[in-house]
Visitor: 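To start, I am sharing the structure in question, which I have written as structure tokens.
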Amino acid sequence: VRGHLGTRIAQIIPTLLLVSVLVFCLQQLMPGDPALVMAGEERGDPQVLAQIRAELWLDRSLPVQYLHWMGNVLQGNLGFSWRIRQPVAELVFQKLPVTLQLGAMAFAIAVLIGVPAGIVAAVYRNGFWDYVANAVGLAGLSTPNFWLGIMMILLISVQLGWLPPSGYVPLTEDWRQSLATTIMPAFVLGNAIAAVLMRHTRSAMLTSLDQDYVRTARAKGLREFVVVIRHALRNALIPVVTLGALELGTLFSGAVLTEQVFSIPGFGKMVVDAVFNRDYPVVQGVVLVTAFLYVMLNLLADVLYVVINPRLRGA
Amino acid sequence: MHRILLAAAGLLATVMPALSQTLRVSLRQDLDVLDPTLTTSYVARIVLAGLCDKLFDIDAKLHIVPQLATGYEWSDDRTLVIHLRAGVTFHDGETMDANAVKYSLERHLTLQGSFRRSEIGSIDHVEALDPSTVRVVLKNSSGAFLAQLADRSGMVYPPQATEAAGKDFALHPVCSGPFSFVERVAQDHVTLARFPGYWDANDIHFDRVTYQVLPDNSVRLANLQAGTTDITEYLAPTDVATVKADPRLKLAVSDALGFIGLINNLDLGPRSNTPYGKNALVRRALDAAIDRTALVDVVFNGMFAPNVQPVAPNSPFYDEALSPPPRDLEKARALLRQAGVTPPIVLELLTPNQPDTLQAAEVIQSMAAEAGFDIRIVAMEVTAAGQVEQRGDYQAYLNGWSGRVDADGNTFQFLHTGQGNNFTGYSNPAVDRLLEQGRAMTDIGQRRVAYQQVWEALRRDLPVTFLYSPRNIVAMTAKLNGFRPIPDGMIRVQGLEMAK
């Protein structure tokens with residue numbers, strides 16, 4: 001196991017390097033000159049443009065720009081936002097907890113809805129509750145995030161006045177306000193993942209429930225609840241954990257839209273604004289940090305397999 | 001069940017924001033930097049309006065009125081003497097005086113990356129005559145200069161604090177406005193707190209102002225309806241009916257300063273070599289085929305003003321006699337025959353990829369088709385479109401300009417031969433001469449005559465087919481009193497008050 005994990009950790013560095021090169025090259029393909037954006041209404045003045053390009057190293061060759069940036073990154077310096085002139089690392093530290101909180105809440109909602117619904121659907125296979133769970137799951141999967149978001153704002157905030165329609169308050173400042181501002185976006189974000197989790201839990205549970213050891217457990221006279229939760233579910237969870245880790249990617253990309261709709265100042269909103277403003281250092285910094293998180297979460301999923309399934313411990 | 005719902009509602013009510021003496025403003029986008037010298041964004045100006053006073057301000061009729069100045073006079077046509085208000089202090093306790101004004105104008109002129117340099121580039125030098133008098137000597141006479149001091153170029157810095165902050169000034173801006181800087185969370189909000197030492201403190205009725213960034217039009221409206229913001233600087237024209245129908249909300253609409261039109265490529269690179277680019281008759285045919293009133297009605301609920309001039313109807317330089325002509329398809333077809341071109345005339349129309357602009361392009365497309373134009377819309381993200389325009393890689397571009405107080409700011413840089421922002425390649429020596437006169441003369445009557453001749457020439461040549469002037473549509477809670485609609489669209493916090 002330790003060797004396996006060691007290999008996985010060693011793979012992280014080339015993965016991140018590859019991501020950084022890709023982002024750096026791909027954003028050069030974006031039409032629109034960052035110097036023009038920064039010059040604003042002064043864009044007709046060649047002197048202003050030349051001055052901006054020199055200041056941002058845009059007048060150097062691409063490899064030189066990359067090495068300059070990478071050299072700084074290795075020293076822990078992610079650079080400055082061109083548009084708002086704040087250090088990128090500071091912005092990342094400001095925004096990351098926001099998206100992590102939103103993501104964690106969304107994931108918790110997804111698991112709390114998806115896994116029990118999947119179990120119920122499998123246990124009552126082809127029965128009434130199975131159809132209900134499937135119908136709800138399908139609805140969750142087919143509802144676009146932004147539409148659901150706007151509808152919830154109109155109903156819950158504007159009509160009923162129960163929750164603030166948008167914005168964000170940090171947990172450390174006022175936890176109740178913080179939950180009030182994030183519960184709707186977390187639900188919108190978690191809702192689609194809940195549907196995916198439900199469907200996978202259901203099919204994994206169906207497979208487990210047909211296994212010999214489940215029949216043995218029942219033959220021993222165990223209560224049905226114990227059979228389902230302790231025996232069937234534990235084995236069924238392995239594909240669900242894999243999927244959960246992969247869905248975290250969906251969570252980050254889903255956060256982009258959801259954060260826009262609810263005006264949550266998180267990672268997603270930052271990267272969208274940065275792309276539109278051609279604020280390259282911010283785009284690079286955010287993508288690098290996101291890639292790092294993604295890789296780490298997949299590593300965590302690997303560790304979780306072993307915890308859930310003792311048979312993998314010898315592998 | 002009812003009890004549970006009531007309990008839940010009660011719990012939620014406790015987490016709703018408590019009412020306080022905070023003015024909550026929503027902005028349509030995030031700002032760039034809170035440094036008057038370095039900022040280029042419109043929304044940053046709105047925040048700066050609460051943070052930094054200017055030498056002069058404008059009123060609803062675009063008259064220049066004093067703010068940090070108490071008055072001015074021209075001692076000759078190149079020398080402006082400004083008298084300063086006494087007893088004004090900056091947020092850090094420094095005194096606002098002639099030295100601070102001299103320092104600020106020089107910073108605007110010389111700081112690396114300054115976006116104010118071209119606005120006040122006509123300054124030769126600045127002298128502090130005594131603590132309350134400044135003399136600004138220009139390189140040449142300029143009737144357009146004073147208006148620049150009613151915008152960011154007129155904002156005054158405290159010299160010591162500004163020097164100490166260096167290039168980090170924008171992270172902790174210090175000025176002499178009614179509110180001082182507290183914090184900024186990028187993409188989210190800016191908070192300002194009441195400055196107790198403000199010279200006009202009696203006019204300030206809030207303890208704090210927060211500027212919340214809410215880019216989505218419907219979300220901005222939803223926040224107003226839910227009572228989580230008090231005022232929004234921009235309401236989409238399509239949301240006007242909703243606000244009018246809601247007794248808790250009210251509107252303030254005023255003419256803005258800018259224009260929207262078809263920027264036509266006349267002589268910038270090979271893409272201009274089309275009958276449309278080279279023959280004014282063809283451009284006039286398209287112009288005659290457009291019904292501006294219908295366009296504005298369909299796309300903007302009639303909220304914007306149809307216009308054929310680069311200045312808005314509120315400008316002293318607007319020519320009442322030059323109103324948008326009615327649509328005339330016969331005239332359009334006749335002009336095409338006169339130009340010797342055979343329909344269909346293919347024209348590529350570059351359009352920023354924004355819903356309302358695209359819709360406007362589609363309306364123009366269908367109107368023009370009836371006259372024999374085959375308009376092909378090329379939708380492009382706005383930054384990319386800007387670059388395409390600058391390269392001259394376009395035939396016509398549906399775009400606009402946020403506008404300036406003085407007519408010079410809406411014309412010279414786009415229409416004078418060889419100017420940096422002249423992306424049409426337009427060059428007309430007679431217009432150049434008139435624009436130079438309009439810029440240099442100080443008598444408003446003479447300037448008006450010069451500009452009205454420019455408008456007539458532009459109607460003939462059509463380097464830009466002006467379509468309409470946007471309006472500032474500000475929506476707010478009905479309890480907010482004292483809002484003054486001013487053409488620059490800024491939210492002035494002076495006089496704003498929440499009814500009890």
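Throughout, protein chains are lettered first and strands after them, A, B, ... in sequence-line order, and every chain is numbered starting at 1.
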Visitor: For the candidates B:S218, B:A44, B:S118, which exhibits the highest count of non-hydrogen atom pairs separated by less than 4.5 Å from chain A?
Guide: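 Maximum pair count with chain A is reached by B:S118.
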
Visitor: Please flag which part of B:E119 lies under 4.5 Å from any non-hydrogen atom of chain A: side chain, backbone, both or neither.
Guide: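 No part of B:E119 comes within 4.5 Å of chain A.
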
Visitor: Could you look at B:A170 and say if it's the side chain, the backbone, both or neither that has a heavy atom under 4.5 Å from chain A?
Guide: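 Neither part.
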
Visitor: What option among B:Q419, B:R184, B:E381, B:Q29 has the most heavy-atom pairs under 4.5 Å with chain A?
Guide: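 It is B:E381.
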
Visitor: Can you tell which part of A:F262 gets under 4.5 Å to a heavy atom of chain B, answering side chain, backbone, both or neither?
Guide: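 No part of it gets close to chain B.
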
Visitor: Between B:D30 and A:R83, which heavy-atom pair has the shortest distance, and what is it?
Guide: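 Here B:D30 and A:R83 meet closest at O-NH2, 2.6 Å.
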
Visitor: Tell me which one of A:Q94, A:K95, A:E259 satisfies side-chain contact (heavy atoms from CB on, under 4.5 Å) with B:Q187.
Guide: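 Passing option: A:K95.
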
Visitor: List the atom of B:A222, the atom of A:P165, and the distance in Å for their closest heavy-atom pair.
Guide: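 Minimum heavy-atom contact is O-CG, 4.2 Å.
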
Visitor: Minimum heavy-atom separation for A:R85 and B:L171, please, with both atom names.
Guide: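 So the two residues come closest at O-CD2, 4.0 Å.
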
Visitor: If you look only at distance, which donor and acceptor atoms sit under 3.5 Å apart when one is on a side chain in residues 142-150 of chain A and the other is two or more places apart or in another chain?
Guide:
| unit_1 | atom_1 | unit_2 | atom_2 | d |
| --- | --- | --- | --- | --- |
| A:S142 | OG | A:L138 | O | 2.4 |
| A:T143 | OG1 | A:A139 | O | 2.4 |

Visitor: Pairs under 3.5 angstrom only: tabulate donor-acceptor contacts from the side chains of residues 152-159 of chain A to other protein residues two or more places apart or in another chain.
Guide:
| unit_1 | atom_1 | unit_2 | atom_2 | d |
| --- | --- | --- | --- | --- |
| A:S157 | OG | A:L163 | O | 2.9 |

Visitor: Indicate the atoms forming the closest heavy-atom contact of B:A384 with A:R278, along with that distance.
Guide: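 B:A384 and A:R278 have their closest heavy atoms at N-NH2, 4.1 Å.
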
Visitor: If you define the side chain from C-beta out and look only at heavy atoms, does anything of A:S166 sit under 4.5 Å from B:Q212?
Guide: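 Contact flag for A:S166/B:Q212 side chains = no.
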
Visitor: Does OH in A:Y294 sit with more than 12 non-hydrogen atoms of other residues, nucleotides or ligands closer than 6.0 Å?
Guide: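 For A:Y294, atom OH is crowded (more than 12 foreign heavy atoms under 6.0 Å).
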
Visitor: Under 4.5 Å, counting heavy-atom pairs only, tell me which of B:N223, B:D216, B:V33, B:L214 racks up the most with chain A.
Guide: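 Winner by heavy-atom pair count: B:N223.
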
Visitor: For the atom pair OG1 (B:T383) and CG (A:N277), what is the distance rounded to the nearest 0.5 Å?
Guide: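 Answer rounded to 0.5 Å: 7.0 Å.
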
Visitor: For B:L31, is it the side chain, the backbone, both, or neither that has a heavy atom closer than 4.5 Å to a heavy atom of chain A?
Guide: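 B:L31 touches chain A through backbone heavy atoms alone.
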
